[in-house]
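Just so it is clear, the structure is predicted and the values come from calculations on it, not from any experiment. The figures here come from the full heavy-atom set of this structure, side chains too, leaving out hydrogens, waters and symmetry mates. Chain letters run A, B, ... following the sequence lines, proteins first, then strands; residues in each count from 1.
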Amino acid sequence: MTNNGSLVASNIYHAYDAAAGRIQALENVSFSLGNETFTCLVGPSGCGKSTLLRILAGLVQPESGSVSLNGSTLDSPRRKIGLVFQDATLMPWRTVIQNIMLPLEFTGLSRQEQRRRADSMLELLGLSEFANAYPSALSGGMAQRLAIGRALIYDPEVLLLDEPFGALDALTREYVSEELLRIWSQHKKTVLMVTHSIQEAILLSDRVLVMSPRPGRIVKDVTIDLPRPRSLDDMLGTDFVRLEAQVRAALRR
Amino acid sequence: MAVVPATRSRISQMNWFWVLRWFLAPILGMGLLALWIAVVEAEYYPRFILPHPFDIFDRMQVLYERGILERHVMVTLKEALAGLAFSIVLALPLGYIVARSKWLSALLLPYLVAIRAIPVVAIAALIVIWLGTDIKSKIFVVTFITWFPLMEATVVGVQNVDSHLRDLMRAYQANPLQIFWKLELPAAMPNLMSGLKISATLAVVGAAVGELIGASQGLAYLIVFGRGTSDAPLVFGAVGILTVLSLAFYGVVAALEHFVLAWRRA
């Protein structure tokens with residue numbers, strides 16, 4: 001398992017048609033995500049971050065350029081990639097445990113094995129007591145944790161998160177991002193997360209990629225060398241503040 | 001400080017609603033019935049124009065005891081159910097196609113809407129020429145007036161499926177059949193149930209309209225027969241049973257909805 005979960009984007013260009021005409025969303029985007037690293041992508045609104053994530057997930061084909069996973073070109077969605085969106089996007093007609101089992105229903109796993117994995121994932125998420133509740137009974141933070149668990153349950157090699165905390169209030173946001181770190185430390189994956197929050201990006205990741213306004217390009221690649229495990233208190237440290245200034249400067253350029 | 005009076009007024013609102021629904025509404029109904037009886041007994045109108053409620057009841061009782069009523073009710077019931085079944089088989093796939101395919105939707109939708117716009121009574125003559133006056137023509141009329149609400153509900157339900165859930169299903173590499181069963185059908189179910197409630201009620205109306213066009217049995221045939229013999233109690237009775245039948249159809253679908261959409265009450 002040497003190169004599991006290495007995701008490479010090479011020279012991606014993408015444009016799409018909108019009401020206002022043709023929009024150049026991405027321009028020559030290239031990067032390589034190492035195995036089991038946590039990377040955040042920050043950039044101004046509308047810079048093509050979500051488009052880039054959909055391309056990386058294999059949901060959209062770029063106009064030119066390519067994405068490869070473990071060295072082979074990605075031209076359709078794969079189970080090796082887990083997805084989390086800004087909204088939890090749970091199925092309201094399924095209970096919590098049925099929601100988290102959903103991805104497993106398309107694998108060849110036996111019913112008992114599906115159930116076993118779902119139970120242990122709910123335990124990891126701290127949602128066991130809600131197993132038979134419907135999503136309408138969950139708070140926003142619980143629902144988003146469930147969505148993260150659902151993305152992890154089939155053990156993907158890459159996890160793509162599109163502003164996963166964007167719909168949460170500030171306190172819940174901090175709590176769920178710490179939870180994500182805890183879960184990630186137990187299920188190491190290659191993670192790429194889109195976020196608007198510079199602090200969140202630095203707190204969570206090994207590396208921060210900064211995008212320019214549209215058409216999106218990677219304008220800065222900042223390595224976050226803060227020791228792990230990290231906590232919210234680290235935000236007060238001088239190293240943290242230095243990195244924050246560095247990212248902010250790149251965004252303003 | 002403002003919280004307490006607000007809570008109190010909310011409780012009193014609830015009480016008022018309860019009183020209205022379970023006490024005043026039945027009283028209103030009984031009052032109207034009493035008014036009806038009073039008008040009849042005052043003999044403002046001859047009884048063959050406005051019959052006494054008890055005359056209607058007696059007339060139905062006689063028909064019931066002879067087994068005639070049951071036969072006509074069953075005929076209308078069968079027409080409505082068969083027509084509705086055809087409607088479901090036709091409208092759901094059609095709605096799905098229109099919702100999922102831009103091309104077919106652009107091609108078909110104008111014609112579907114045009115067909116919907118034809119008043120069924122205007123083509124009554126054609127229906128009789130083509131299908132005769134047996135059950136086929138009634139099933140046609142029922143299907144003709146019930147398919148559109150169902151199709152519309154299907155289109156809206158399938159079009160409103162969360163696009164991110166669709167993305168996820170693609171990422172799970174679900175096949176189209178799995179996407180249908182695990183995502184589209186349950187997601188569209190609230191819309192389908194609303195459409196079915198409308199169509200189920202219309203099904204009884206459709207059966208009656210079909211019988212009015214030309215029939216030898218069924219509840220609306222009793223109405224036509226009653227018109228010919230100036231039998232107002234028979235007409236009133238048949239109208240009453242049609243109404244009850246229509247409500248029963250609605251009730252069955254509402255019960256089905258309650259069961260199928262149990263998750264919405266959780």
Backbone N/O of A/P77 and side chain of B/R170: donor-acceptor pair under 3.5 Å | no
Contact leader toward chain B among A/R54, A/R94, A/K80, where contacts are heavy-atom pairs under 4.5 Å | A/R54
Top contributor to chain B interface from A/P92, A/G82, A/A133, A/A57 [non-hydrogen pairs under 4.5 Å] | A/P92
Side chain, backbone, both or neither of B/M169 within contact of chain A (heavy atoms, under 4.5 Å) = side chain
Nearest heavy atoms of A/L102 and B/Y172, plus distance in Å = CD2-CE1, 3.7 Å
Tell me, for B/L183 versus chain A, whether the close heavy atoms (under 4.5 Å) come from the side chain, the backbone, both or neither.
-> both
Which atoms of B/D167 approach chain A - backbone, side chain, both or neither, heavy atom under 4.5 Å = both
Of the backbone (N, CA, C, O) and the side chain (C-beta and beyond), which part of B/A187 lies under 4.5 Å from a heavy atom of chain A, both, or neither?
-> both
Calculate, to the nearest 0.5 Å, the distance between atoms CD and CZ belonging to B/Q173 and A/F106 respectively.
-> 10.5 Å
Of the backbone (N, CA, C, O) and the side chain (C-beta and beyond), which part of A/L104 lies under 4.5 Å from a heavy atom of chain B, both, or neither?
-> neither
With a 4.5 Å cut-off on heavy-atom pairs, point out which of B/A171, B/A174, B/P186 contacts chain A the most.
-> B/P186
Check step by step if side-chain contact (heavy atoms from CB on, under 4.5 Å) holds for A/R150 and B/L168.
-> CA-CA 10 Å; A/R150 179 182 57 184; B/L168 284 178; 3.1 Å; yes
A/S136, part contacting chain B, at a heavy-atom distance under 4.5 Å = side chain
First locate atom CH2 of A/W93, then atom CG of B/L185, and finally report the distance between them rounded to the nearest 0.5 Å.
-> 9.5 Å
Quick one: CG on A/L59 to NE2 on B/H164, what's the gap to the nearest 0.5 Å?
-> 9.0 Å
Between B/L165 and A/T89 the two heavy atoms that sit nearest each other are CD2-O, 3.2 Å
